[in-house]
Structure formats: structure tokens, C-alpha cells
Amino acid sequence: PNGPYLQSQRREIYDKYVRQLLAEKRAYYCFDTAEDLDALREEAEAETGGFAYRRPDTFPTQADAEKARAEGRPVTVRFAVPQDEPLVVQDVVRGVITFAPGEISDFIIQKSDGFPTYNFACVVDDYLMKITHVIRGQEHLNNTPGQQALWRALFPDAELPKYAHMSVTVSDTGGKLSKRERPKVLRDAIKQMPDVDLEKLAAVGDITADELNAFIKGQSVPDMPGIDAMAEYLGVSLPEINIVDFRKSGYLPETMVNFLALLGWNPGDNREIMPLPELIDAFDLARLTKSNSLFDRKKLVAFNTEHIKMTPPERLREHLRDYLKVADSPVLKADDELLARLIKICEGARTLADIERKSRFLLTDAVEYDAKAVDKVLLKGDGLAILAIVRGKLAAMDQFSEEKIETMLRTLAEEKQLGLGKVAQPLRVAICGNTISPPIFDSVQLLGKEETLRRIDATLKEFGRDGKQHL
RNA sequence: GCCCCCAUCGUCUAGUGGCCCAGGACGCCGGGUUCUCAACCCGGUAACAGGGGUUCGACUCCCCUUGGGGGUACCA
């Protein structure tokens with residue numbers, strides 16, 4: 001009810017408060033160009049102190065401002081920050097923080113294009129929108145004394161909102177967890193690949209060869225879609241940073257909320273894995289942590305495993321479907337019933353991507369053989385011979401249920417005095433091309449008798465000398 | 001450079017002067033279970049950054065050092 005919420009639509013509101021400050025001599029016009037300010041900063045640096053804008057003894061008048069504007073000089077408005085006493089910030093997580101007089105210098109509240117700066121707009125907005133708590137990252141702590149001084153000048157009778165400055169989540173490579181990490185990883189990867197086709201790569205990223213070159217040299221960064229496309233083309237996996245990255249990697253929304261909540265906060269007991277309602281109930285501003293935290297992806301995966309286990313089946317199915325859409329997976333063809341079944345037999349999966357990976361073979365026609373798996377399971381030892389026997393047994397079955405398939409395979413293994421693995425693995429590689437799949441009995445049953453036999457035959461033909469070797 | 005914040009196992013953290021030769025979780029290591037990958041079960045490893053104070057007693061309070069992070073824009 002306090003809108004409009006677009007800054008461009010709130011210009012009159014901000015202007016009103018700027019005029020008020022100007023009239024009260026708590027703000028003043030400035031006509032410095034960018035070059036002027038650069039020079040001032042350089043000067044200040046030479047004197048080893050920090051830069052502080054020097055307030056003029058007498059403030060320019062409205063007429064001065066109009067004249068400057070007419071002459072084409074930039075006109076900005078600065079807030080005259082109270083300099084007679086320290087600025088004290090009361091922070092919910094950090095307590096009392098004192099900034100010495102002079103530490104916060106007069107900052108711009110209205111830009112030369114007439115727009116308010118963030119530090120001004122947020123104060124006006126917080127007041128008008130009746131904000132009670134300002135909860136943000138530590139990077140804003142140094143803005144706070146200025147903002148609060150502004151609040152007191154503008155709304156002396158109104159109580160300040162509560163301020164809570166949270167710790168920052170840092171990356172294992174040092175510094176804030178930042179979007180810039182993705183391009184950086186890609187750039188380093190490209191440098192490691194001497195014979196990459198740069199022309200093709202630029203085309204994939206939808207940028208020019210020059211732009212790609214500048215990117216590799218570290219002079220510029222293309223937009224994210226381009227970065228993503230190039231990474232995919234090169235087979236480089238980028239660290240997840242944006243929330244969509246985590247979605248694409250198969251993490252549940254519940255996992256992200258839970259994990260992120262525990263970075264810089266804890267409930268005070270040993271609880272970690274919590275469903276959303278419990279999390280909300282347990283949350284308390286007073287338990288925010290002061291020190292920075294590092295984003296540990298291994299622990300994230302563990303959290304996701306737990307959340308996949310505790311999410312109700314129907315809900316998990318919806319999450320899976322969302323994931324499959326994002327991943328553009330062939331498994332998307334599966335109906336609700338099949339998806340539910342896949343979730344069930346993939347029990348213990350760590351991410352939705354795990355489920356997808358294991359289920360793929362059911363929804364694709366061509367089997368992609370993993371060379372290592374074929375070599376180890378089929379070519380070395382009696383894999384092919386056993387597979388031929390299994391084929392015969394499967395072909396002879398009239399009831400094709402998981403139970404019957406299990407009984408058959410176990411009996412066969414016993415007869416041949418082999419571990420079940422010796423019998424199951426060749427079959428697994430034959431139907432899905434690698435050694436990773438749901439339990440073999442379910443896998444075979446879901447594939448169906450006809451298709452299973454077809455794939456076994458194709459495998460025997462592809463890798464067997466005559467396809468009729470015997471044990 | 002200057003200003004601000006922070007400092008317990010590898011990581012996230014519990015701990016607010018005696019309950020702590022420091023608890024939990026993830027990881028890691030070892031073992032068990034097992035048709036693959038996971039999951040699961042059992043066990044283990046591992047920390048109060050350093051130095052000064054204060055106190056009968058410091059992980060806990062104070063100071064310094066060191067280290068990490070943030071800010072230093074007519075960006076948000």
C-alpha cells in the first residue's frame with residue numbers, strides 16, 4: 001500500500017525531501033565534475049588520509065545552481081553530515097559501533113541527472129514504507145551512520161528501524177561469494193585448452209571473436225547466457241552461484257533455504273535439517289552469527305540428500321518435473337506414475353540430477369556405452385558369456401515382474417556359484433551402457449522384456465565375437 | 001593508505017568465568033552391509049590464532065600483534 005515501488009515513479013517524493021533538506025541548510029548544491037573529484041581524491045591520497053569532501057563555508061544558492069546548470073556544469077546535492085559528534089550505530093548483531101566525527105563525509109543524495117542515490121532513497125523508502133527491520137550484509141555497515149544521520153534530519157520524530165548486519169558468505173577462493181567466479185573459472189579453463197576453436201567458441205557464446213579475446217585476456221566479461229553456453233560447449237562445470245545454478249544442479253528449494261539459513265545463524269540446539277515451518281518457528285534475529293562463513297558444497301549435498309529423503313513423494317515429484325524441464329531431459333516424457341516409481345527406486349539419491357542420470361536409459365532408444373564399463377564388465381572375464389545365458393533365461397520368462405527377475409538372477413548366480421554382481425553387472429551394462437542404474441530387477445522390469453532382449457542382443461552383437469560364447 | 005567488522009576441529013557451528021583435558025553436523029579415515037551408484041550402520045581423526053593482562057579460576061572479560069572479511073562512487 002506504500003507504492004509506487006519504481007524509483008523512477010517516486011521522483012517527486014525524493015525531490016520533496018531534497019528540497020526540504022536544502023531549505024534547512026542540511027544539504028547543499030555541488031558543481032564538481034568527475035575530473036574535479038578525481039583530483040581531490042588524488043590530493044587526499046597524497047596526504048595519506050582518507051578522502052573527505054570539503055564542505056564550502058557558504059552554501060551555493062538556488063540561483064547558483066540554475067546558473068551552473070545553464071553553463072552545462074553538473075549539479076548534485078550533498079547531505080551535510082553532522083560533524084560535531086561521533087555517529088553511533090546500534091546494530092542488532094554487532095552492538096554499538098562508533099564512527100569518529102569527520103569519518104563520514106558529506107555524500108551525494110541527488111545525482112546530476114536528478115535521481116536520488118541509493119543511500120538517500122533507501123532512507124526515504126524505509127520511512128515511507130514503514131520498514132521495521134533492515135537486515136542486510138555486512139558490506140552495508142559503513143553506509144549505516146550516514147543513512148541514520150539522514151533519517152534523523154528528515155524524520156526526527158520517527159523511531160529508527162532496527163538494523164542487523166549479517167556476516168558475509170565467502171568463497172573458498174577468497175572474497176565474497178560472487179557472480180564473477182563463474183566467468184573466472186571459464187576463462188581459466190579456456191586458457192588450459194590450447195587447441196580450442198575460438199571462432200566456434202565465440203559463435204557458441206553469441207559474441208564476436210574480439211569480445212572473446214578481450215574476455216580471455218581478462219578485459220571484459222560477456223553476459224551470463226554466453227558464459228553458460230560456452231562452458232557447456234567445452235564441458236566445463238562452473239561453480240554454482242546464482243540460485244538458478246543450484247536448480248540446474250538438482251538441489252531442492254527446501255535444501256537451499258535450510259542450508260542458507262544455517263550460514264550465519266543457528267537455532268541454538270543441535271538441529272540442522274529442518275522443514276520450512278520449523279525453520280521459521282526457530283528463527284530468531286538474536287542468534288545471528290558475527291563471523292563470515294564459507295560456502296561448503298559438500299555439506300550442501302548432504303543437506304540435499306536429507307531433504308530428498310524427507311520430502312513427501314508428491315512434492316518431490318513436482319520438484320523432479322521442474323528439474324527435468326530445466327535440464328531439458330528425455331525423462332520428461334515419463335508420466336506421473338513412472339516418475340513416482342523412479343523416485344522410489346532411486347532412494348538415497350543425493351540430487352535430482354542423480355535420479356535423472358539413473359533413469360535416462362529408460363527413456364532413450366540408443367544405449368551409449370561407457371568404454372570403461374564395457375571393458376571391465378563385458379570384455380574382461382566371462383561377462384559376455386554370462387550375458388548370453390541371462391538372455392536365454394529372460395527370454396524364457398512368461399511373467400516379467402521384479403520378483404521373478406530377482407529370483408531368476410539369484411538362482412542363476414547360485415547355480416554358477418557366482419556373486420550376484422557377476423550376473424547383474426553385464427546385464428546392467430547391456431541395458432543402460434554403464435554401471436550406474438537403479439536396482440537391476442527394477443531396471444529390467446521397467447524396460448520391459450522385449451526392449452531388454454533387444455538391448456542384450458545389440459550388446460552381444462557389438463562386443464561379442466559370435467555372440468554365443470559359453471561359460 | 002584510511003575506516004569498520006570478525007577470529008573454537010579442514011568446513012558450518014555450540015559455548016555469555018568454574019558444567020569444557022571443549023559438544024553437534026558435514027568432510028576425511030577405518031570397518032560393516034550391498035547387484036552398480038548412492039543410501040544405511042558402527043568406530044575414529046581433528047579446534048579455543050599468538051602474546052600480555054584481569055581473576056582463586058579463563059574458550060569465555062580487557063589490551064596488543066597477527067590473520068581474514070567488508071567499505072572507501074553522481075552502483076546498489
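Per chain, numbering begins at 1; letters A, B, ... match sequence-line order. Predicted, not measured: the structure shown is a model, and the values here were computed from it.
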Can you pull every protein N or O that's under 3.5 Å from an N or O on nucleotides 45-48 of chain B?
none

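The salt bridge (Lys or Arg N to Asp or Glu O under 4.0 Å) test applied to A/E71 returns A/K67, not counting sequence neighbours. Partners of A/Q445 according to the side chain to side chain donor-acceptor pair (under 3.5 Å) rule, which considers only residues two or more places apart in sequence or in another chain, are A/R341. Not a single ring-ring contact (aromatic ring centres under 6.0 Å, His included) links A/F441 to another residue, sequence neighbours left out. For the salt bridge (Lys or Arg N to Asp or Glu O under 4.0 Å) test, residues two or more places apart in sequence or in another chain that qualify with A/D38 are A/R41. Residues passing the side chain to side chain donor-acceptor pair (under 3.5 Å) test with A/N292: none are found, sequence neighbours excluded. In this view, A/R152 satisfies the salt bridge (Lys or Arg N to Asp or Glu O under 4.0 Å) rule with no residue, not counting sequence neighbours. The salt bridge (Lys or Arg N to Asp or Glu O under 4.0 Å) test applied to A/R391 returns A/D457, not counting sequence neighbours.
Checking B/U34 for Watson-Crick or G-U wobble geometry (two distances, each under 3.5 Å) identifies no partner in any strand. Of the nucleotides present, B/C6 is the one that pairs with B/G67 by Watson-Crick or G-U wobble criteria, both distances under 3.5 Å. A 3.5 Å limit on both hydrogen-bonding distances identifies B/C28 as the Watson-Crick or G-U partner of B/G44. Base pairing analysis places B/C61 opposite B/G53; the two distances defining the Watson-Crick or G-U wobble pair are each below 3.5 Å.
If you take CZ of A/R297 and C1' of B/C12, they are 15 Å apart, rounded to a whole angstrom. The separation between A/L294 atom CG and B/U8 atom C1' is 16 Å, rounded to whole Å. Protein atom CD of A/E42 is 14 Å distant from nucleotide atom C1' of B/G1, rounded to whole Å. Put simply, NZ on A/K298 is 18 Å from P on B/U13, counting in whole angstrom units. For the pair A/R271 CZ and B/C12 C1', the computed distance is 17 Å after rounding to whole Å. Computed from coordinates, the A/L262 CG to B/C12 P distance equals 12 Å when rounded to whole Å. Rounded to an integer number of Å, the gap from A/E272 CD to B/G23 P is 16 Å. Rounded to a whole Å, the CG atom of A/N266 is 13 Å from the P atom of B/C12.
Aromatic rings from A/F259 and A/Y251 are positioned such that their centres are separated by 6.0 Å or more. With ring centers used as reference points, A/F295 lies under 6.0 Å from A/F246.
For the pair A/L446/A/I345, a side-chain contact is recorded, criterion being any heavy-atom separation below 4.5 Å from C-beta on.
The gap from the P atom of B/C28 to that of B/A38 amounts to 11 Å, rounded to the nearest Å. With both ends at atom C1', the span from B/G70 to B/G53 equals 30 Å, rounded to whole Å. B/U45 sits 27 Å from B/A58 when the C1' atoms are compared, rounded to a whole Å. A gap of 29 Å separates the C1' atoms of B/G51 and B/C12, to the nearest Å. B/A22 and B/U60: their C1' atoms are spaced 12 Å apart (whole Å). A gap of 23 Å separates the P atoms of B/A7 and B/C21, to the nearest Å. B/G10 and B/C5 have their C1' atoms separated by 24 Å, given to the nearest Å. The same atom, P, is picked in B/C48 and in B/C63; the two are 23 Å apart, to the nearest Å.
Of the residues in residues 281-291 of chain A, those with a non-hydrogen atom less than 4.0 angstrom from any atom of RNA chain B are A/R287, A/T289, A/K290, A/S291.
To the nearest 0.5 angstrom, A/K372 atom NZ is 9.0 Å from A/T435 atom OG1.
Comparing A/E103 and A/A302 by the nucleotide of RNA chain B that holds the closest heavy atom to each, the one mapping nearer the 5' end is A/E103.
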Under 3.5 Å, which donor-acceptor pairs do the side chains of residues 142-149 of chain A form with other protein atoms, sequence neighbours left out?
from: A/N143; atom 1: OD1; to: A/H140; atom 2: ND1; distance (Å): 3.3
from: A/T144; atom 1: OG1; to: A/R136; atom 2: NH1; distance (Å): 3.2
from: A/T144; atom 1: OG1; to: A/H140; atom 2: O; distance (Å): 3.0
from: A/T144; atom 1: OG1; to: A/L141; atom 2: O; distance (Å): 3.2
from: A/T144; atom 1: OG1; to: A/H165; atom 2: NE2; distance (Å): 3.1
from: A/Q147; atom 1: OE1; to: A/R136; atom 2: NH2; distance (Å): 3.4

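Considering only the side chain of A/K299, B/A25 comes nearest among B/G10, B/U13, B/A25.
Residue-environment remark: CD (A/Q219) exceeds the threshold of 12 foreign heavy atoms within 6.0 Å. The number of heavy atoms from other shown groups lying within 6.0 Å of CD (A/E139) is above 12.
The pair A/E451-A/R455 meets the salt-bridge criterion, since a charged nitrogen lies less than 4.0 angstrom from a carboxylate oxygen.
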Each nucleotide in nucleotides 35-42 of chain B should get exactly one letter: B, S or -. Can you fill that in based on protein heavy atoms under 4.0 Å?
BBBBSS--
Output one letter per nucleotide in nucleotides 68-76 of chain B: B when a protein non-hydrogen atom lies under 4.0 Å from the base, S when only the sugar-phosphate is that close, - when neither is.
-BBS-SBSB
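The backbone N or O of A/L324 lies less than 3.5 Å from no partner atom in the side chain of A/S329, so there is not a single donor-acceptor pair.
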